[in-house]
2 protein chains.
Amino acid sequence: MRRLSDRLDRDLSGLYADYGVRFEPRWYPIVALLEETGPRAITEMASELGLTHPAVSQVAKSLIEEGLCKKRADKKDGRRHLLSLTPKGKKRIEQLRPLWRAVFQATENLLTDELPGLMAELDALDQSLNEKSMSARVKALLPHEVDA
Amino acid sequence: MRRLSDRLDRDLSGLYADYGVRFEPRWYPIVALLEETGPRAITEMASELGLTHPAVSQVAKSLIEEGLCKKRADKKDGRRHLLSLTPKGKKRIEQLRPLWRAVFQATENLLTDELPGLMAELDALDQSLNEKSMSARVKALLPHEVDA
DNA sequence: TTAAATTATGTAAGTGCTTACATAAATGGG
DNA sequence: CCCATTTATGTAAGCACTTACATAATTTAA
């Protein structure tokens, strides 16, 4: 699974350069989330994207340096910083829209035509691990020499 | 997929410490391969495991420092270094055998009971990408503004 | 009201890989 | 035989995350 996901990432990572628009692949999840839902706090994004907050903080810093995002304090909570898209960020998104559409379409085609059950299986794996972690499963099979 | 594989890795990475045996998770693929097939060269292992040769070289160095492996020149090719298990390495493997068995069993149970189609879908994904890369699929859907 | 506990974010350092670069041995063709 | 090309491995640096640590704001409980 890791090899496959690495493979897909590597395969797609050159597309932005080919497309002639400056954009880092790791920016995508955050930019897409901000476009969809508006200004968000670092930990909110981290939680939703399944990353740690320092990872999001680092990407946020990178996006701010590129001018695609800006940060402001949350009036309701002095600890929080809300990240949002700049006009430049929104314009970059519009430039990339056709590329992202093509990626979605290609993914959709692949899943529909060739891998009809993949998403269901991955969701089921997620659920199964929610119910019982892999390590718990392993430990249940071991002689009682390992702490629970 | 990446989140899931990360999740599984993180979940299992504490098992060695819990089990009370000193072993790094990234050693496993190489140690297992050496046990199964005997002494191997760096690039052979890299190719079979889907890693780059520097990655394997780094793990090899780590294993040698731990005393689990040793390296010798290949008599047939003066460039090649064959990595093999030391007696200490073989002993470490025997210590870990019950844990690895439990991991295999847990995996088997999960695949058989809850995710019967997962491996087939992942194999199919691999095949599909062999036939046509994801970026090629995307580019086929784009207006003709991107180099083929 | 105050202090302890919790939560938000930044920074530093580590991890496990990758790509880039370098050197040397082997191979193949003229 | 000689040389250009290919192949094997090591080292350096980069990448995208993680964990650890630190500071500060907010919340909760006494």
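Order of the sequence lines fixes the chain letters, A, B, ..., with proteins taken first and strands second; residue numbering starts at 1 for each chain. As a basis for the values below, the full set of heavy atoms in this structure was taken, side chains included, without hydrogen atoms, waters or symmetry mates.
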Identify whether the distance between the nearest side-chain nitrogen and carboxylate oxygen of [X] and [Y] falls below 4.0 Å.
| X | Y | result |
| --- | --- | --- |
| B:Arg3 | A:Asp126 | no |
| B:Lys132 | A:Glu114 | no |
| B:Arg97 | B:Glu94 | yes |

Checklist entry - For D:dG10, does either OP1 or OP2 sit under 4.0 Å from a side-chain N or O belonging to B:Ser57? => result yes

What is the distance, rounded to the nearest whole Å, between atom [atom1] of [X] and atom [atom2] of [N]?
| X | N | atom1 | atom2 | answer |
| --- | --- | --- | --- | --- |
| A:Met45 | C:dT7 | CE | C1' | 16 Å |
| B:Glu24 | C:dC17 | CD | C1' | 14 Å |
| A:His81 | C:dT7 | NE2 | C1' | 13 Å |
| A:Leu8 | D:dA16 | CG | P | 17 Å |
| B:Ile30 | C:dG16 | CD1 | P | 12 Å |
| B:Arg80 | D:dT7 | CZ | P | 12 Å |
| A:Leu4 | C:dC17 | CG | P | 16 Å |
| B:Ile42 | C:dC17 | CD1 | P | 14 Å |

Next on the checklist: Quick one, A:Leu141 and B:Asn109 - any side-chain contact, counting heavy atoms below 4.5 Å?
Outcome noted: yes

Next on the checklist: Could you work out, with side-chain hydrogen bond (donor to acceptor under 3.5 Å, both in side chains) as the rule, every residue matching A:Arg22, not counting sequence neighbours?
Outcome noted: A:Glu66

Item to check | Plane angle bin for A:Phe23 and A:Tyr16 - parallel if under 30°, tilted between 30 and 60°, otherwise perpendicular | outcome: tilted

Next on the checklist: Just to verify, which of B:Arg80, B:His81, B:Arg79, B:Lys75 counts as forming a side chain to side chain donor-acceptor pair (under 3.5 Å) with B:Asp77?
Outcome noted: B:Arg79

Would you list the protein and nucleotides 17-20 of chain D atom pairs, both N or O, that sit under 3.5 Å from each other?
unit_1: D:dT18; atom_1: OP2; unit_2: A:Thr52; atom_2: N; d: 2.9
unit_1: D:dT18; atom_1: OP2; unit_2: A:Thr52; atom_2: OG1; d: 2.5
unit_1: D:dT18; atom_1: O4; unit_2: A:Gln58; atom_2: NE2; d: 3.1

Between the protein and nucleotides 26-29 of chain C, are there any N/O to N/O pairs under 3.5 Å, and if so, what are the atom names and distances?
unit_1: C:dA26; atom_1: OP1; unit_2: B:Gly78; atom_2: N; d: 2.6

Next on the checklist: I'd like to know whether CZ of B:Arg101 has more than 12 heavy-atom contacts from other residues, nucleotides or ligands below 6.0 angstrom.
Outcome noted: no

Checklist entry - So, the side chain of A:Ser62 versus the backbone of A:Gln58: is there a donor-acceptor pair under 3.5 Å, distance only? => result no

